[in-house]
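The structure appears below as structure tokens.
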Amino acid sequence: MIIGVVGLIFSEILLFIILTKPLSRLKHIVFTLPLLARSSFKNFRLELRSAGQKRWMKDEIDLLDETAVALSHQLEKLEDQVADRTRILASKMDELSKERDFINNLLDIAQVIVITQKADGEILTLNAYGETLIQYTEKELQGTPFLHLLALDGNLHDLPVHLEEVRCQRRDQLRHEANVVCKDASIRNILWLHSRLTRHSEDDPAMLSVGLDMTEHKRAEGRLAWLADHDPLTDLFNRRRFQEELEQMLNLAARYGYSGALLFFDLDQFKYINDTSGHQAGDALLKMVARLLLGNIRSVDILGRLGGDEFAVILPQTTAEGAIEVAKNTLASLNQGKITINGRTHKASASVGIALFPEHGSNVHDLLAAADLAMYQAKEAGRGGWHLFSDEEKTRERMHTLVYWKEKIEYALSHERFLFYFQPIMHVRRRTIDHYEVLLRMIDNDGTVLAPQFFIPAAEQTGLIHAIDHMVLRKSIAQSAEIQRAGQCIRFSINLSAHAFHDPELLPILKDAFAEYGADPSNFMFEITETAALEDLPAARELMEMIKKLGCSFTLDDFGVGFSSFYYIRQLPIDVVKIDGSFIRNLADSPDDQILVQALCDVARGFGKKTTAEFVENAATFSILEKMQIDYAQGFLIGTPSPAYDTSFSDFAKM
């Protein structure tokens with residue numbers, strides 16, 4: 001038994017010694033395997049290699065090691081593949097997420113309504129802009145038929161059929177306009193585009209509806225259409241629409257043989273109101289006049305503003321007596337109207353021209369011309385009155401000529417068709433050219449150069465004389481400044497019309513032009529006539545004194561023609577008097593004229609004024625004037641008027 005026990009113990013010890021190393025290797029493998037779970041494949045293989053020993057004979061544990069190493073390689077490869085696929089998938093998911101966010105943001109911020117519909121036409125989704133525009137939320141509209149949003153009218157009775165064709169894939173798209181009833185009951189005009197969608201399941205939308213809000217566009221279109229026919233200030237018909245209405249009325253009158261009348265209104269002193277109280281006052285007055293005119297005509301009558309301060313009324317199926325009665329009542333009503341702006345009170349006043357159709361014109365142009373001419377007759381007779389055009393007065397030809405010249409003057413002003421001529425004026429004692437008189441000419445359409453007597457009377461009657469005065473002043477000052485910059489000092493003598501003394505813009509324009517161009521005011525003298533001074537002597541004197549403060553001087557033209565000449569040189573700040581040419585032309589052959597001219601010179605010198613003799617055409621006359629100690633001489637002997645482009649001013653000498 002002892003031997004058996006000892007043998008058993010020895011065998012167990014021997015077995016332990018034999019199994020210790022394999023078990024140790026097996027234990028090492030067991031403790032190394034968790035590295036595989038942690039994906040530490042390289043460390044796992046290093047651990048196995050460090051524990052393994054080369055043997056002649058491989059046992060099962062060696063096979064286990066090799067198998068574990070091979071498994072680690074496969075697991076590492078699989079994990080690398082999984083990582084690559086994961087990265088690719090993450091990238092794709094990121095791209096899809098960005099696309100989804102972009103689409104969602106696009107749908108929300110896009111200024112269009114985006115609606116998806118089910119196969120039965122019920123609304124499935126609505127974007128944020130659509131919610132804001134129609135004031136319904138997506139949840140409120142889900143399950144609601146799309147057609148319930150629309151204000152269906154007679155033009156959309158086929159719309160349900162067409163929408164069904166899109167949903168049933170019988171057509172790809174549908175485009176139409178329809179009004180949408182918003183939650184607050186307001187109406188918006190929407191341009192819809194419906195497109196069929198591909199469905200993968202019953203829950204997928206069957207149609208995409210995109211709506212563009214056209215409400216403001218439609219309003220703008222309506223406003224533009226309205227503006228094409230109306231004056232925005234007074235809401236009356238404008239000239240174009242009024243002429244269309246007049247043409248239709250003339251056609252109806254010719255077809256059915258009835259008569260009518262055209263009343264042409266032109267406000268009196270409207271420019272003065274604009275100048276003294278500003279355009280705000282002028283606009284207020286025009287609005288008031290429009291209201292008063294509307295209140296004095298029938299509902300069938302047509303009222304329009306033709307532009308500026310001109311209004312016109314078409315009176316269908318009326319007589320001359322009826323038209324006159326309307327004109328009288330309207331003028332009486334206008335006389336009662338007044339506005340107060342900035343402490344100034346202005347009354348409305350107008351002159352009315354009346355023309356009958358078809359008696360005074362069977363077309364728009366002739367009838368408007370007749371009414372316009374009659375209006376000028378009313379102004380000539382006294383402002384605030386009316387005048388009925390009449391062939392018996394034989395004014396048509398004269399007035400047609402007036403309108404003809406008015407159009408020519410307006411065209412010349414807008415197309416630079418006025419031309420300056422310069423005539424030299426000599427200083428007699430020095431025998432040098434002292435200054436030049438600026439003479440105005442107008443170039444006709446055929447190139448003919450027209451003298452002032454052709455267009456100035458029409459300009460004075462039509463009120464365009466102010467525009468001509470302003471143009472002459474600005475261009476003369478600009479040219480003087482240009483000559484001054486070239487190193488010469490040229491003095492100009494410029495004629496002022498009688499209407500200039502009633503022009504509130506004259507002095508500001510002079511000041512602005514001198515400041516703008518940098519011209520020397522002392523190089524300018526202005527010629528006025530006795531007629532101009534006679535109309536309003538205090539106003540003439542006040543304006544002349546203000547202009548003289550700028551540095552300019554004045555010449556009294558046509559001196560000696562009337563006895564008032566001597567009064568004017570005492571009352572007005574005149575520097576030079578120009579003796580009328582009727583006394584100079586025959587001076588060498590007329591002792592009487594010599595006596596008269598000598599007397600005029602003595603009177604002028606007695607008042608401290610210099611003298612100019614015009615129409616000096618021969619040496620004999622010049623010699624007599626020299627003996628009389630005339631200061632300046634002007635005429636063909638001195639020099640003929642020449643166009644601005646032919647005038648060199650080379651013979652001018654400084655004083």
Side-chain angles (χ1 to χ4, degrees), residues 401-402 404-425 433 435-483 490-503 505-507 509-510 513-514 517 519 521 523-532 543 547 552-558 576 578 580-581 612 614-615 634-636 638-649 652:
T401 303
L402 182 63
Y404 169 80
W405 282 109
K406 177 185 176 184
E407 294 176 352
K408 277 188 174 294
I409 295 169
E410 290 174 341
Y411 181 83
L413 285 169
S414 60
H415 292 81
E416 302 287 339
R417 303 288 289 179
F418 281 106
L419 178 65
F420 282 178
Y421 274 59
F422 295 100
Q423 184 172 22
I425 300 176
I433 302 303
H435 55 278
Y436 289 81
E437 182 176 1
V438 180
L439 304 172
L440 188 63
R441 303 290 186 267
M442 188 171 75
I443 304 174
D444 206 350
N445 296 334
D446 59 359
T448 304
V449 178
L450 303 175
Q453 61 264 26
F454 289 100
F455 56 86
I456 289 299
E460 290 177 340
Q461 293 186 54
T462 57
L464 292 172
I465 190 64
H466 294 309
I468 292 178
D469 282 339
H470 300 167
M471 180 270 299
V472 170
L473 290 174
R474 294 191 67 87
K475 285 193 172 184
S476 299
I477 293 172
Q479 183 154 5
S480 175
E482 183 178 348
I483 295 172
I490 305 299
R491 289 202 300 159
F492 288 149
S493 180
I494 302 174
N495 292 280
L496 285 182
S497 69
H499 299 268
F501 294 100
H502 303 287
D503 183 6
E505 293 184 0
L506 183 68
L507 186 62
I509 283 178
L510 274 176
F514 284 135
Y517 298 108
N523 288 333
F524 289 86
M525 59 177 62
F526 298 105
E527 294 190 17
I528 65 169
T529 62
E530 292 183 10
T531 305
L543 180 61
I547 293 177
C552 306
S553 56
F554 279 91
T555 296
L556 181 64
D557 200 3
D558 301 334
V576 181
K578 181 177 285 190
D580 189 72
T612 299
E614 59 182 356
F615 288 94
Q634 177 183 7
F636 287 175
I638 309 302
T640 58
S642 59
Y645 53 81
D646 282 342
T647 305
S648 63
F649 304 108
F652 186 83

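Side chains are part of it too, since the values below use all heavy atoms of this structure and drop only hydrogens, waters and symmetry mates.
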If we only count heavy atoms from C-beta on, is the Glu614 to Asp580 side-chain gap below 4.5 Å? yes
Among Glu437, His435, Glu527, which residue satisfies the side chain to side chain donor-acceptor pair (under 3.5 Å) criterion with Ser493? Glu527
Do the non-hydrogen side-chain atoms of Asn495 and Val438 ever get within less than 4.5 Å of each other? no
Please name the pair of heavy atoms, one in Ala644 and one in Phe422, separated by the smallest distance, quoted to 0.1 Å. CB-CE1, 3.5 Å
With a 4.5 Å cut-off on side-chain heavy atoms, are Lys475 and Glu416 touching? yes
State, yes or no, whether a side-chain contact exists between Ile468 and Ile409 at a heavy-atom distance under 4.5 Å. yes
Where do Ala412 and Met442 come nearest, in terms of heavy atoms and distance? CB-SD, 3.6 Å
What closest approach, in Å, do Ala451 and Arg441 show between heavy atoms, and which atom pair accounts for it? CA-CD, 3.9 Å
How long is the span from the CG atom in Leu450 to the CD1 atom in Ile443, to the nearest 0.5 Å? 9.5 Å
Quick one, Gln634 with Gln423, criterion side-chain contact (heavy atoms from CB on, under 4.5 Å). Give me CA distance, side-chain angles, the key distance, then yes/no. CA-CA 8 Å; Gln634 177 183 7; Gln423 184 172 22; 3.0 Å; yes
To the nearest 0.5 Å, tell me how far Asp503 CG sits from His470 NE2. 3.5 Å
Value for CG (Asp557) from CG (Leu496), rounded to nearest 0.5 Å, stands at 11.0 Å
So which atom in Ala519 and which in Ala481 form the shortest heavy-atom distance, rounded to 0.1 Å? CB-CB, 3.9 Å
Would you say that Phe418 contacts Val472 through its side chain, given a criterion of any heavy-atom pair below 4.5 Å between the two side chains? no
Check whether any side-chain heavy atom of Trp405 sits under 4.5 Å from a side-chain heavy atom of Thr462, and report yes or no. no
Result for side-chain contact (heavy atoms from CB on, under 4.5 Å) between Phe455 and one of Leu464, Asp444, Leu440 points to Leu440
Taking every heavy atom of Phe615 against every heavy atom of Gly581, the minimum-distance pair comes out as CD1-CA, 3.1 Å
Can you measure from CD (Gln479) to OH (Tyr436) and round to the nearest 0.5 angstrom? 11.5 Å
If the condition is side-chain hydrogen bond (donor to acceptor under 3.5 Å, both in side chains), which residues does Gln453 pass it with, not counting sequence neighbours? none
Evaluate the side-chain contact (heavy atoms from CB on, under 4.5 Å) criterion for residues Cys552 and Phe514: first the C-alpha distance (whole Å), next the side-chain angles of each, then the deciding distance (0.1 Å), finally the verdict. CA-CA 11 Å; Cys552 306; Phe514 284 135; 3.9 Å; yes
Answer whether the closest heavy-atom distance between the side chains of Lys408 and Asn445 falls below 4.5 Å. yes
Aromatic rings Phe524 and Phe526: how do their planes relate, parallel, tilted or perpendicular, breaks at 30° and 60°? parallel
Non-hydrogen side-chain atoms of Ile490 and Asn523 separated by less than 4.5 Å: no
Reported OG-to-CZ distance for the pair Ser476 and Phe420, which is rounded to 0.5 angstrom: 4.0 Å
Only counting residues at least two apart or in another chain, list the ones meeting ring-ring contact (aromatic ring centres under 6.0 Å, His included) with Phe636. none
Roughly how far, to the nearest 0.5 Å, is the CD1 atom of Ile477 from the CG atom of Leu473? 5.5 Å
Can Leu543 and Leu506 be said to form a side-chain contact (heavy atoms from CB on, under 4.5 Å), step by step? CA-CA 9 Å; Leu543 180 61; Leu506 183 68; 3.7 Å; yes
May I ask you to check whether over 12 heavy atoms, not counting those of Glu410, lie within 6.0 Å of atom CD? yes
